[in-house]
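Below, all heavy atoms of this structure are taken into account, side chains as well, without hydrogens, waters or symmetry copies. Letters A, B, ... mirror the listed sequences (proteins, then strands); counts begin at 1. Nothing here was measured: the structure is a model prediction, and the numbers come from that model.
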Amino acid sequence: MMIIIPICSIIFLLFIIFDLAPRFIEKQWKVFWFYTVLISFSFVIHILVVLDFKLPSPAVPIKRLVSYIFGLQG
Amino acid sequence: MEREIISTKQGTFMMVIFVIGSSIVLGSSVEAKQDIWIAIVVALFMSLPMLFVYSKLLTSFPGKNLYYILEEVFGKVAGKIISLLYVWYSFHLGALVLRNFSEFVQVISLPETPQTIIIIFLGLVCLWAAKAGIEIIGRWTAFIFPVGWFVLLITIPLSMSKMHLINIKPVLHNDLKPVLSSAFSFFTFPFAETVIFTTVFNTLRNKKKTFKVYLSGTVVGGAIILLLSVRNILVLGVHITTDLYFPSYMAVRTLSIGDFIQRTEITVATFYTIGVFIKASVCLYAASKGVAKILNIEKSSQIVAPIGFLMMNLACIVYSSTMEMFDWINTYKYYAIPFQIIIPVITLIIAKIKFYVKN
């Protein structure tokens, strides 16, 4: 399982070098900051998933909301 | 706006693969039991008015996708909020599709492989396709579709010897209610999921043929789902089909002709991979387009990668087990109603009123 961490890191690094860096060079700040925030967040989540942290799924609150609105049981 | 153009043929093929994408292996609803074929036909008829609404939206605003239409109809702020809802829907649907695939691979062939790995590698391919644009996805679909559907449908005549007509009888034995409930499930998953294409089909070369593309794509896709579902019931019987997670795969697995046509279940797995790839790519493309529109970013391809990675994250955490995934189908049919029915219908009505008032 731990082998996934270096694999993930390499993939993210490649995207940062070849996809994010050009945005910095071209001074596209909006895209650059959006990209940076999202990619950092997803990298952290990937690592947490690999380390077997129990992260909350949006499916549970959606299911609760849908059940409440449509009056479903269970 | 980026200039991309897809032909009518590419659009139709893309829609067919999108429709049969995950439902080819998962199935949608088992409530109708042996009357599943009636449920699919009813669902197809139920989806016709919605297909008309989707295509009417696109033809009323030629060259504009759903995100532009929403802003024009509801104004800047409300339009962006509703666009955000569609970004979420596309993003969530893409993640669900990726997760369905990883569950399938893990259950069927790679039980020791972590699902994260399967999701990352399929997700990367989808990310690549979405980044390349809808033209590339369209061309790839037009290339793979003729081979794919032949390979998929050839399993039907080959499994004739295993079919038992008694499995599909008696017709309507369990009353009409489960059939209608099942039909509604098929309507929301997969037929009305084609609402995603309202964010894509502004790129169609011939705008007048939007409804034709919608109709032919959904009907052909529906016909393939119908044939495969009936094949599953005829080969496996109602009880085994309803008990299995992936009935199509198992139905083809039983196929054995002489000593040389065996292990043909790989055809199902291959076509499923193609279907998931196209569906997840289109969803990712649609989500990126929406984010780009909301944030006023000129090229949506520049933000595909971070959204794609987030989609992979969501796919990893969305379910804790295979059972939860199949249980979600019951919630999904209600969850999808606002995105597939309510918002498009309201948008079209308001757009028509605005046109009427203006003229």
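- In this structure, A:Phe43 has its ring center no closer than 6.0 Å to that of B:Phe309.
- Screening B:Asp327, B:Asn330, B:Thr331 against A:Lys63 for a side chain to side chain donor-acceptor pair (under 3.5 Å) leaves a single residue, B:Asp327.
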Practice item. Carefully, step by step, assess A:Leu65 and B:Tyr335 under the rule side-chain contact (heavy atoms from CB on, under 4.5 Å). Key: CA-CA 9 Å; A:Leu65 182 72; B:Tyr335 160 73; over 6 Å; no
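- Rounding to the nearest 0.5 angstrom, the gap separating the CG atom in A:Leu48 from the SG atom in B:Cys316 is 11.5 Å.
- For residues 81-102 of chain B, the set of pairs meeting the salt bridge (Lys or Arg N to Asp or Glu O under 4.0 Å) definition, not counting sequence neighbours, comprises B:Arg99-B:Glu103.
- Only the side chain of A:Ile7 comes within contact range of chain B, judged by heavy atoms closer than 4.5 Å.
- Residue with the most contacts toward chain A among B:Ile303, B:Thr113, B:Leu96: B:Ile303 (heavy-atom pairs, distance under 4.5 Å).
- Heavy atoms closer than 4.5 Å to chain A are found in both the backbone and the side chain of B:Ile307.
- Across every non-hydrogen atom of A:Ala59 and B:Trp328, the tightest pair is O-CZ3, 3.7 Å.
- Residues A:Phe34 and B:Val291 form a side-chain contact, since some pair of their non-hydrogen atoms from C-beta on lies under 4.5 Å apart.
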Check your understanding: A:Gln28 and B:Ile297: side-chain contact (heavy atoms from CB on, under 4.5 Å), yes or no, with the steps?
Key -> CA-CA 10 Å; A:Gln28 293 174 312; B:Ile297 291 170; over 6 Å; no
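- Note on B:Leu314, B:Val318, B:Leu127: by heavy-atom pairs under 4.5 Å with chain A, the leading option is B:Val318.
- Remark: of the listed residues A:Leu38, A:Val37, A:Thr36, A:Leu20, A:Leu38 is the sole one forming a side-chain contact (heavy atoms from CB on, under 4.5 Å) with B:Pro306.
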Check your understanding: Would B:Ser320 and A:Lys54 satisfy side-chain contact (heavy atoms from CB on, under 4.5 Å), going step by step from the backbone distance to the final call?
Key -> CA-CA 9 Å; B:Ser320 55; A:Lys54 189 91 184 130; 3.6 Å; yes
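- Taking the six-membered ring for Trp and thresholds of 30 and 60 degrees, B:Tyr334 and A:Phe70 have ring planes inclined between 30 and 60 degrees apart.
- Using a 4.5 Å cut-off between heavy atoms, B:Ile120 touches chain A through its side chain atoms alone.
- Interface remark: A:Pro22 contributes no atoms to any contact with chain B (heavy atom separation under 4.5 Å).
- For B:Leu124, the part lying under 4.5 angstrom from a heavy atom of chain A is the side chain only.
- Atom CD1 of A:Ile39 is separated from atom CG of B:Leu310 by 9.5 Å, given to the nearest 0.5 angstrom.
- Of the inter-residue distances, the one linking A:Ser42 atom OG with B:Met311 atom CE reads 12.0 Å to the nearest 0.5 angstrom.
- Here the side chains of A:Asp19 and B:Lys131 are in contact, with some heavy-atom distance below 4.5 Å.
- In this structure, the side chain of A:Lys30 engages the main chain of B:Leu295 through a donor-acceptor pair within 3.5 Å.
- Going from atom CE of B:Met312 over to atom CD1 of A:Ile11 covers 7.5 Å, rounded to the nearest 0.5 Å.
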Practice item. Show the numbers, then the answer: is there a side-chain contact (heavy atoms from CB on, under 4.5 Å) between A:Ile4 and B:Ile117? Key: CA-CA 7 Å; A:Ile4 305 173; B:Ile117 285 286; 3.8 Å; yes
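- Within a 6.0 Å sphere centred on CH2 of B:Trp88, heavy atoms belonging to other residues, nucleotides or ligands number more than 12.
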